[in-house]
Amino acid sequence: MNVRRSAAVLAATAVIGTATPAVAASPSPSPSLPSGLYGSSDPTYDGVWRQSLALIALYRVHEEPAATAVDWLAGQQCANGAFPAFRADPAKACDPKLVVDTNSTAAAAQALSVVGGHGSAVTKAVTWLKSVQNRDGGWGFAPGGASDANSTSVVIGALITQHTPVSRIRKGGKSPYDALLTLSLPCADGGAFAYQPDKKGKLRANPDATAAAVVAARGTNFVTARADTGEETTCADAPDLTPARAAANGASFLAGAVAKDGYLKSVLPGAENQPDYGNTADAVVALAAQGGAGAARKPLAWLERNSAKWAAQSGPAAYAQLILAAEASGADPGDFGGTDLVKELTATGPAPVAASQEDSDTSVWWMIGAGLAAGAGIGFLLSSRNKRKRP
């Protein structure tokens with residue numbers, strides 16, 4: 001769940017063999033932001049991603065987003081079901097040269113699955129995702145690109161919305177979990193997941209990829225990940241690796257990575273000691289989903305103490321990530337280290353739907369009606385009593 005999904009950054013990422021770290025991004029104001037969009041920075045590379053996370057986060061805290069916010073996201077979809085990172089003129093059909101990607105499409109599918117009334121759009125998105133599945137069972141960021149753990153995981157999240165067992169969705173005889181498990185490292189190397197093999201085919205532990213893969217291997221997604229029950233977070237090699245075993249191994253790696261300082265560090269060259277707030281939030285979700293609230297307690301507490309400035313600088317996707325982390329681990333998004341994350345998120349876009357005036361009026365008229373009915377009943381009783389007293 002990176003804050004920004006820049007195609008240029010992801011291309012560079014493929015070269016160095018690591019996932020995009022979620023570091024603080026300085027918003028670059030856009031002179032003509034679309035109505036309904038969350039955030040004030042240029043949406044060219046992350047419009048659909050941040051809008052999707054915002055809508056999912058609002059759903060998790062039982063806030064109904066404004067219709068304009070939902071309509072904006074739905075309007076980004078192309079006729080074939082895919083989503084780009086952003087298109088400026090949804091009124092026009094998608095140009096064949098428009099770059100669409102699996103991450104934007106999968107995130108949008110998850111978001112539209114919970115706002116209601118967009119079932120056909122979700123089905124079209126998932127159908128497109130299935131059509132670009134790689135023969136190893138996974139997905140890359142771009143259709144046809146080499147499979148990576150992050151993209152495969154977010155697509156698994158979208159597939160879950162269709163209530164079809166992910167293991168049955170196959171290409172070349174391989175399922176998404178088969179692709180994910182090929183990126184799981186043995187316990188001697190920490191039990192983490194790699195983003196992709198490097199140029200020499202070697203797997204290198206990647207915290208962001210691990211957090212995403214743990215959630216997916218648990219059979220959950222942005223919408224449903226939470227600390228309902230605690231499973232083991234220890235690493236154990238197995239001759240026949242299962243998604244459940246790989247999730248436990250990955251959680252073990254994450255637990256070790258945050259044990260000392262409470263946060264994950266950036267993997268950007270030259271930034272070894274810089275905290276990675278976004279990936280730490282993702283780790284909280286993964287640890288909570290696998291090991292329960294207790295497993296996520298330390299990084300969650302660190303985020304509560306330190307993430308306010310980062311979120312304010314980074315915008316709606318950052319607030320959404322923190323809300324998901326709080327929700328998954330049983331914390332209160334309304335008082336996250338003294339910050340009301342929900343209030344801050346909604347301030348970046350159109351206001352959620354409040355209790356409608358119609359509902360309010362209905363309640364008032366119901367009370368008036370009940371009072372009149374009660375009065376009529378009392379009058380009837382008094383009238384009957386008086387009638388019985390007459391000779």
Side-chain angles (χ1 to χ4, degrees), residues 1-2 5 36-38 46-86 90 100-133 139 150-169 176-177 212 215-226 228 282 285 289 316-317 319-321 323-325 327-328 333 342 345-346 349-350 352-353:
M1 283 188 283
N2 294 319
R5 293 271 168 167
L37 178 66
Y38 288 92
D46 78 333
V48 166
W49 182 262
R50 78 192 193 208
Q51 191 81 352
S52 299
L53 289 191
L55 295 181
I56 293 169
L58 291 176
Y59 167 82
R60 293 288 298 259
V61 295
H62 310 292
E63 291 278 359
E64 182 180 351
T68 54
V70 177
D71 291 344
W72 183 88
L73 180 61
Q76 292 289 296
Q77 189 173 34
C78 296
N80 66 356
F83 282 77
F86 170 75
V100 295
D101 68 86
T102 61
N103 289 229
S104 297
T105 303
Q110 293 185 52
L112 293 175
S113 73
V114 298
V115 297
H118 291 81
S120 60
V122 176
T123 299
K124 285 177 63 177
V126 172
T127 298
W128 179 81
L129 289 167
K130 291 178 181 178
S131 75
V132 296
Q133 184 178 16
W139 287 265
N150 294 67
S151 299
T152 300
S153 296
V154 72
V155 173
I156 287 174
L159 299 176
I160 290 170
T161 67
Q162 299 295 284
H163 307 293
T164 301
V166 174
S167 59
R168 296 183 185 177
I169 299 169
Y177 288 135
V215 172
R218 289 280 302 169
T220 186
N221 58 15
F222 294 156
V223 177
T224 59
R226 56 175 47 89
D228 290 333
D282 293 347
V285 174
Y319 284 120
Q321 282 184 276
I323 288 173
L324 296 182
E327 270 289 296
V342 181
L345 172 59
T346 56
V353 177

(message) Please tell me whether N150 and S153 have a donor and an acceptor in their side chains that are separated by less than 3.5 angstrom.
(response)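 There is no such pair (donor and acceptor under 3.5 Å, judged by atom type) between the side chains of N150 and S153.
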(message) I'd like to know if the side chain of D71 pairs up with that of T68 as donor and acceptor (distance under 3.5 Å, no hydrogens or angles considered).
(response) no
(request) Test side chain to side chain contact (heavy atoms under 4.5 Å, CB included) on I323 and V342 and set out the steps. (result) CA-CA 7 Å; I323 288 173; V342 181; 4.3 Å; yes
(message) Is there a side chain to side chain contact (heavy atoms under 4.5 Å, CB included) between E327 and V61? Walk through the geometry before answering.
(response) CA-CA 8 Å; E327 270 289 296; V61 295; 4.3 Å; yes
Please tell me if the side chains of [X] and [Y] come closer than 4.5 Å, counting only heavy atoms from C-beta onward.
X    : Y    : answer
C78  : V100 : yes
I160 : I156 : yes
E63  : L345 : no
P84  : D101 : no
Q51  : L37  : yes
Y59  : P65  : no
V126 : T105 : no
P316 : R50  : yes

[X] side chain to [Y] main-chain N or O, any donor-acceptor pair under 3.5 Å?
X    : Y    : result
T224 : T220 : no
E64  : V115 : no
R60  : V223 : yes
S113 : Q110 : yes
K124 : N80  : no
Q77  : A121 : yes
W139 : T102 : no
T152 : P176 : no

(request) Classify the angle between the aromatic ring planes of F222 and W49 as parallel (below 30°), tilted (30 to 60°) or perpendicular (above 60°). (result)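 Perpendicular: the ring planes of F222 and W49 meet at over 60°.
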For residues [X] and [Y], report the shortest heavy-atom separation together with the two atoms involved.
X    : Y    : answer
A325 : V285 : CA-CG2, 3.7 Å
P90  : G75  : CB-O, 3.2 Å
A217 : Y177 : CA-CE2, 4.0 Å
L324 : A57  : CD2-CA, 4.1 Å
N221 : G157 : ND2-O, 2.9 Å
A109 : T161 : O-CG2, 4.5 Å

(request) Mind running side chain to side chain contact (heavy atoms under 4.5 Å, CB included) on Y38 and L55 for me, showing each step along the way? (result) CA-CA 9 Å; Y38 288 92; L55 295 181; 4.2 Å; yes
(message) Within this structure, what is the CG-CZ distance for the pair L159 and R168, rounded to the nearest 0.5 Å?
(response) 13.5 Å
(request) Begin with the C-alpha distance, continue with both residues' side-chain angles, and end with the deciding distance and a verdict on side chain to side chain contact (heavy atoms under 4.5 Å, CB included) for F83 and L112. (result) CA-CA 12 Å; F83 282 77; L112 293 175; 3.9 Å; yes
(message) Can you tell me if F86 has over 12 outside heavy atoms packed within less than 6.0 Å of its CZ?
(response)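 More than 12 within 6.0 Å, yes.
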